[in-house]
Amino acid sequence: MKKITVKLVVWRQNGPDEKGFFKTYFAENIDTDASFLEMLDVVNEGLVKNGSEPIAFAHDCREGICGTCGAVVNGEAHGPREKLTLCQLHMRSFSNGDTIVLEPFRARALPIVKDLVVDRSALDRIVQAGGYISVRTGSAPDANAIPVPKKDADQAFDAAQCIGCAACVAACPNASAMLMMSAKVSHLSSLPQGQPESKQRVLDMVSQMVKEGFGGCSNEYQCEVACPKGISVKYIAQLNRQYLLSAIKSE
Amino acid sequence: MKKFILSLVGIKQLVALSGLAMVGFLIAHLLGNFLIFSGPIAINNYAYKLHSLGPVLWVARIGLLAMFLLHFSLVIYLVIVNKRARNGSYAVPIHKKTRSIFTQTMRYSGLLIFIYIIVHLLDFTFTPHTVDNSVIDGVYYGLYGHVYNYFLNPIRSIFYIVTMFAIGFHLVHGVQSVLQTFGFYHKLYTPIIVKSSWIIAVIVALGFSSIPVYVCLHNYLGWEIYVAT
Ligand code: HEM
Ligand code: FES
């Protein structure tokens with residue numbers, strides 16, 4: 001079993017309106033098979049024992065499916081490995097003596113709650129603005145009553161992989177939520193069930209994104225490489241196309 | 001409709017539309033400029049024909065000016081909104097994985113183009129070809145002479161070439177970006193279009209730059225001015 005010691009430079013901020021600062025910690029004798037968050041747990045146990053405030057970080061599933069975790073590790077959202085969430089990152093990706101700078105995702109629309117925890121409800125409000133479909137109430141509809149071409153189903157499924165972690169926002173030079181939003185738009189608009197709202201959906205979601213204070217897309221594609229689920233920027237193209245058609249046809 | 005066109009995605013589409021219109025103009029302008037290689041009669045005739053279009057020319061000019069102002073003002077808006085969206089800066093800057101020098105410098109290459117366009121309008125559009133600026137070896141050559149004398153000044157030539165490369169920089173990202181902005185994405189065609197973006201950028205940068213180089217060579221090597229029709 002290999003053990004390493006790393007130096008952590010962590011963003012500490014007591015509350016949304018407090019001034020943040022960097023503080024240095026040492027994570028000593030960490031098993032390289034430990035996950036990154038487990039390493040933080042170890043550091044936090046030490047802090048609690050000393051009577052200090054532990055480092056606040058968000059997490060839930062710890063298996064890359066919920067989208068709760070996330071921080072910028074040495075300038076990379078979710079750390080140095082591609083298509084991984086922070087909770088799926090392991091200490092074997094680091095070497096003994098490494099310095100790891102840990103910062104929260106930075107965007108005006110995602111205010112810092114504490115330390116590495118950001119408030120992602122702006123993304124929820126974007127989804128609320130248009131990420132829904134109308135269904136009839138009553139008994140459950142028959143399975144496969146609505147035929148969906150395989151290609152469309154695959155595309156919807158691919159886009160639906162977005163876990164809303166906001167790594168795209170963190171990595172975007174404009175702190176734009178276009179990749180996340182486009183995944184939601186494509187997910188629903190690729191399916192027949194999503195058609196009735198498809199025109200209004202994209203207009204409403206974009207309006208909400210602007211209201212929340214996210215930036216726009218400059219087609220730099222930093223989001224695509226940061227995305228732990230590998231969502232493609234082709235969905236942004238699809239969003240742009242739908243937006244153009246819907247905006248022209250709207251009153 | 002207005003509300004949606006004037007929202008981030010719609011604005012970006014207007015930026016792309018105006019950018020594309022200017023690219024179209026630029027290519028036409030370049031082809032016209034190439035007539036300088038055929039001597040003073042060819043290019044002066046071309047300029048004369050353009051000017052005799054009268055109202056059509058004015059429509060084109062006003063359209064172009066509108067595209068320019070639209071692009072410029074909307075880009076300023078986008079830059080402000082996009083800058084404001086990031087709250088504080090990262091201590092370790094986000095790694096540039098897909099960010100190239102071309103995408104990062106859009107606003108700076110654009111600014112240089114802006115300055116250049118003003119200089120260009122002042123020097124050519126608003127400065128008539130007179131006996132003070134358009135005479136070569138005692139003979140008046142009109143537009144041809146004006147351009148020729150203009151580029152004999154090395155500072156102007158260098159500034160000109162630098163800005164032409166700035167346009168090239170702008171277009172490497174710009175041309176291909178327009179398709180994404182309007183929502184065109186294709187597994188096969190998109191990579192081809194990205195490559196043609198490069199080709200257009202290189203043609204524009206080298207094409208325009210060839211004129212001051214030609215003038216300087218022409219003068220330095222003492223070539224004859226070609227006046228046959
Ligand atoms: C007046 C000076 C100019 C400035 C300040 C400027 C600035 C910019 C900026 C900052 C962008 C990126 C916008 C964004 O994605 O957020 C852009 C895009 C673009 N510009 Fe310019 N530009 C200028 C002139 C021009 C000219 C003369 C042309 C054409 C010959 C041009 C063609 C384009 C194109 C094609 C795009 C891409 C639009 C897209 O991404 O969809 N620009 N410009
Ligand atoms: S904690 Fe659920 S994705 Fe990381």
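Please read these numbers as outputs of a predicted model, since none were measured by experiment.
- To the nearest 0.5 Å, atoms CE (A:Met181) and SG (A:Cys162) are separated by 11.5 Å.
- Interface remark: of the candidates A:Val101, A:Val9, A:Val72, A:Val72 forms the most heavy-atom pairs closer than 4.5 Å to chain B.
- Between the CE atom of A:Met180 and the NZ atom of A:Lys229 there is a distance of 14.5 Å, given to the nearest 0.5 Å.
- Under the side chain to side chain donor-acceptor pair (under 3.5 Å) criterion, B:His95 pairs with no residue, sequence neighbours left out.
- With respect to chain A, the highest number of heavy-atom pairs below 4.5 Å among B:Leu179, B:Leu78, B:Ile94, B:Thr190 belongs to B:Ile94.
- Contact annotation for B:Lys97: both backbone and side-chain heavy atoms come within less than 4.5 Å of a heavy atom of chain A.
- The SG atom of A:Cys168 lies 11.0 Å from the CE atom of A:Met178; values are rounded to the nearest 0.5 Å.
- Residue contact with chain A, scored on non-hydrogen atoms closer than 4.5 Å, involves the side chain of B:Gln13 exclusively.
- Contacts of B:His173 with chain A are made by side-chain atoms alone, with heavy-atom separations under 4.5 Å and no backbone atom involved.
- Counting only N and O atoms by type, the side chains of B:Ser177 and B:Gln180 include no donor and acceptor under 3.5 Å apart.
- Within residues 200-210 of chain B, no residue has any heavy atom closer than 4.5 Å to a heavy atom of chain A.
- For a residue to count as touching a neighbouring chain, one of its non-hydrogen atoms must lie under 4.5 Å from one of that chain's; by this rule A:Leu245 does not touch chain B.
- Atom OG1 of B:Thr163 sits about 9.5 Å away from atom CD1 of B:Ile117, to the nearest 0.5 Å.
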*asked:* Using ring pair (Phe, Tyr, Trp, His ring centres under 6.0 Å), reason through B:Phe124 and B:Tyr150 one step at a time and then give a plain yes or no.
replied: CA-CA 10 Å; B:Phe124 286 104; B:Tyr150 186 85; 4.7 Å; yes

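- Atom CE of B:Met164 and atom CG of B:Leu112 lie 9.0 Å apart (nearest 0.5 Å).
- Aromatic ring orientation, A:Phe94 versus A:Phe36: tilted (interplanar angle from 30° to 60°).
- Both the backbone and the side chain of A:Val233 come within less than 4.5 Å of a heavy atom of chain B.
- In terms of heavy-atom pairs under 4.5 angstrom with chain B, the leader among A:Gln242, A:Glu212, A:Arg241 is A:Arg241.
- With a threshold of 4.5 angstrom between heavy atoms, A:Pro111 does not approach chain B through any atom at all.
- Under 3.5 Å, the side chains of B:His129 and B:Asn133 contain no donor-acceptor pair of N or O atoms.
- Contact of A:Tyr221 with chain B is made through backbone and side chain together, with heavy-atom distances under 4.5 Å.
- For A:Glu220, the parts lying near chain B are the backbone and the side chain together; criterion is any non-hydrogen pair under 4.5 Å.
- The contact between A:Ala170 and chain B is made by backbone and side chain atoms together, counting heavy-atom distances below 4.5 Å.
- If you take CD1 on B:Ile36 and NE2 on B:His218, they are separated by 9.5 Å, rounding to the nearest 0.5 Å.
- When A:Ser218, A:Ser176, A:Pro173, A:Gly213 are compared by the number of non-hydrogen pairs under 4.5 Å with chain B, A:Pro173 comes out ahead.
- One N or O on the side chain of A:Asn174 and one on the backbone of A:Gly216 form a donor-acceptor pair closer than 3.5 Å.
- By number of non-hydrogen pairs under 4.5 angstrom with chain B, the leading residue of A:Gly75, A:Gly215, A:Ala175 is A:Gly75.
- The part of B:Ser89 that comes within reach of chain A is its backbone (N, CA, C, O), which places non-hydrogen atoms under 4.5 angstrom from that chain.
- No side-chain donor-acceptor contact under 3.5 Å links A:Arg106 to the backbone of A:Val169.
- Looking only at heavy-atom pairs under 4.5 Å with chain B, the residue among A:Leu244, A:Val225, A:Val210 that has the most is A:Leu244.
- Your options are B:Val79, B:Thr181, B:Val81, B:Ile11, and the one with the most heavy-atom pairs under 4.5 Å with chain A is B:Thr181.
- Exactly one residue among A:Lys150, A:Lys234, A:Gln238, A:His187 makes a side chain to side chain donor-acceptor pair (under 3.5 Å) with A:Gln155. That residue is A:Gln238.
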